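Positions are given from 1, in the same order as the sequence printed here. Numbering of ligands and ligand atoms starts at 1, following listing order. All of these numbers come straight from a predicted model, not from anything done at the bench.
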Amino acid sequence: MKVGVIGAGAVGVGISNILLMIGSITELALLDLNKELAEGEVLDFSHTSALTFSKNTQMKAGDDYEIIRDADIVVITAGAQIKKGQSRLDLAEINSRIVVDIAKKIEQVAPDAVLIVVTNPCDIVSYFISANTGFSAEKVISSGCVVDTARLMSIVAGKVGIDPKNVFGYVLGEHGSHCFTPKSLISVAAQPIDYYCTTNGIDHIDADELLNEVKQAGFDIFSRKGNTVHGVSASVFRVIQAIHINERSVLPVGTLLRGEYGLHDVVLSLPTVVSQKGAEKILIHPFTDTELEQLHSIASQLQALIKDVAAKTGLQTGHA
Ligand SMILES: NC(=O)c1ccc[n+]([C@@H]2O[C@H](COP(=O)([O-])OP(=O)(O)OC[C@H]3O[C@@H](n4cnc5c(N)ncnc54)[C@H](O)[C@@H]3O)[C@@H](O)[C@H]2O)c1
């Protein structure tokens, strides 16, 4: 398995680190506009190869797309971070242009790769990749709400005093602010959350407050250190493993909707089967009417943003 990582900044290096420390890939290629940065990171990583836990993954670095030739997976983390005074539309415009350009270059050397898009706003950027390149819908995966879901599981775990790995739930919709969490899906050790709280003498959890805490978690990290790295890196590693091992894991990644829940032409995170093929299938869940309304409202907001970005950038919209 060869993995390419585009962007040797904080997130690209965070993902590379996990891949090298606990992954089992054969080859890692780290590409950045700043060639020296990518080379320096790989040189630094190369000194882990003498240590017993290392798998001796072959490493390449540079600014030439040849290094990612025939990659099975390419993770895109390159692009700008949101700056003070910048609107969501500004960032969407800048990063959609950058990332579509990158995806076209990837297509030249690794047309069969599965792309995992981390650059924000990841769902909008993923949309423009699939509308402007030949990568099929299942091969363009936004890291979407995997990290938001991991935050939800840790927060609930903290409230009930149980291992986060025994907590289940989903954050769905768009990564960031336009998301929702169906309370009916939150459970602790397979027990519905309200039942668990009642039987264990714990106050019930309010789903709206919980979602606000999940959203706030990202801001709390960003306001202290100026970026978020570890949660998203672990989330992307989780998606890479699902593809690498052909796990058919159900993960809340973002993918292009093609009629699911009556929605088309928008990238949203929904429970999705992730396998060697990429985002193989979106599962259809019996959402309540209110949850379906939330999903449709989020889709409309994203479609409006897509229209604005397309008008400013000239990027194509629509899918065959
Ligand atoms: N989806 C998520 O959950 C999530 C979480 C954290 C960060 N992010 C996003 O990931 C992106 C990267 O974050 P970061 O903290 O690593 O930023 P960073 O500034 O540390 O790194 C970005 C890197 O991209 C490189 N780059 C820029 N344009 C490039 C291009 N055209 N080709 C190749 N390399 C290029 C830069 O040289 C830089 O090294 C941002 O858009 C950020 O918002 C997303």
Asker: Looking just at side-chain N and O atoms, do S87 and D90 make a donor-acceptor pair shorter than 3.5 Å?
Answerer: yes
Asker: Given the rule that I, L, V, M, F, W and Y join up when any side-chain heavy atoms are under 4.5 Å apart, are I162 and V214 in one cluster?
Answerer: yes
Asker: Please check if the side chain of S275 supplies one atom and the backbone of E247 the other of a donor-acceptor pair under 3.5 Å.
Answerer: no
Asker: Could you tell me which atoms of ligand 1, counted from 1 in the order shown, lie closer than 4.0 angstrom to a heavy atom of C122?
Answerer: 1 (N)
Asker: Show me which atoms of ligand 1 lie under 4.0 Å from any heavy atom of I98.
Answerer: 31 (N)
Asker: Any chance you could measure S16, atom OG, to E41, atom CD, to the nearest 0.5 Å?
Answerer: 8.0 Å
Asker: Suppose we measure from atom 1 (N) of ligand 1 to each protein heavy atom; which comes out shortest, and what is that distance?
Answerer: V118 O, 3.0 Å
Asker: Could you tell me whether some N/O pair between Q81 and ligand 1 is separated by less than 3.5 angstrom?
Answerer: yes
Asker: Look at atom 37 (O) of ligand 1 and find which of I82, D32, N34, L33 reaches it with the closest heavy atom.
Answerer: D32
Asker: Any luck finding a side-chain donor-acceptor pair between S177 and R88 under 3.5 Å?
Answerer: no
Asker: Among protein heavy atoms, which sits nearest to atom 21 (O) of ligand 1, and what does the distance come to when rounded to 0.1 Å?
Answerer: G9 CA, 3.2 Å
Asker: Return the option from V229, T77, V11, I6 holding the heavy atom at the smallest distance from atom 12 (C) of ligand 1.
Answerer: T77
Asker: Please could you name the atoms of ligand 1 that L37 approaches to less than 4.0 Å, counting only its heavy atoms?
Answerer: 39 (O)
Asker: Check if A80 has a non-hydrogen atom at a distance under 4.0 Å from any atom of ligand 1.
Answerer: yes
Asker: Is the shortest side-chain heavy-atom distance between K60 and L28 below 4.5 Å?
Answerer: no
Asker: How does A10 reach ligand 1, if at all, at less than 4.0 Å between non-hydrogen atoms: by side chain, backbone, both, or neither?
Answerer: both
Asker: Under a 4.5 Å side-chain heavy-atom rule over Ile, Leu, Val, Met, Phe, Trp and Tyr, are V146 and I116 clustered together?
Answerer: yes
Asker: What about L283 and V267, same hydrophobic cluster or not, with Ile/Leu/Val/Met/Phe/Trp/Tyr joined at side-chain heavy-atom distances under 4.5 Å?
Answerer: yes
Asker: Among all protein heavy atoms, pick out the one at the shortest distance from atom 27 (C) of ligand 1; state its residue, atom name and that distance to 0.1 Å.
Answerer: G79 N, 3.6 Å
Asker: Of all the non-hydrogen atoms in the protein, which one sits nearest to atom 3 (O) of ligand 1, and at what distance?
Answerer: H175 NE2, 3.1 Å
Asker: Of the protein's non-hydrogen atoms, which lies at the shortest distance from atom 35 (C) of ligand 1, and what is that distance?
Answerer: A78 CB, 3.4 Å
Asker: If we count only N and O atoms by modelled type, under 3.5 Å, do the side chains of D123 and S142 hold a donor and an acceptor together?
Answerer: yes
Asker: Taking only heavy atoms of T228, which atoms of ligand 1 are found under 4.0 Å from at least one of them?
Answerer: 5 (C), 6 (C)
Asker: Out of curiosity, T198 OG1 to N200 CG, how far, rounded to the nearest 0.5 Å?
Answerer: 9.0 Å
Asker: What do we get for I102 next to ligand 1 when only non-hydrogen atoms under 4.0 Å count, side chain, backbone, both or neither?
Answerer: side chain
Asker: Answer yes if V140 and V253 sit in the same cluster of Ile, Leu, Val, Met, Phe, Trp and Tyr residues linked by side chain heavy atoms under 4.5 Å apart, and no otherwise.
Answerer: no
Asker: Would you mind finding which of V99, N120, V232 brings a heavy atom closest to atom 8 (N) of ligand 1?
Answerer: N120
Asker: Just which atoms of ligand 1 are under 4.0 Å from any heavy atom in S143?
Answerer: 1 (N)
Asker: May I ask you to list the atoms of ligand 1 that are less than 4.0 angstrom from any heavy atom of V147?
Answerer: 3 (O)
Asker: Taking only heavy atoms of N95, which atoms of ligand 1 are found under 4.0 Å from at least one of them?
Answerer: 41 (O)
Asker: Is L31 reachable from V100 through a run of hydrophobic residues whose side-chain heavy atoms are each under 4.5 Å from the next?
Answerer: no
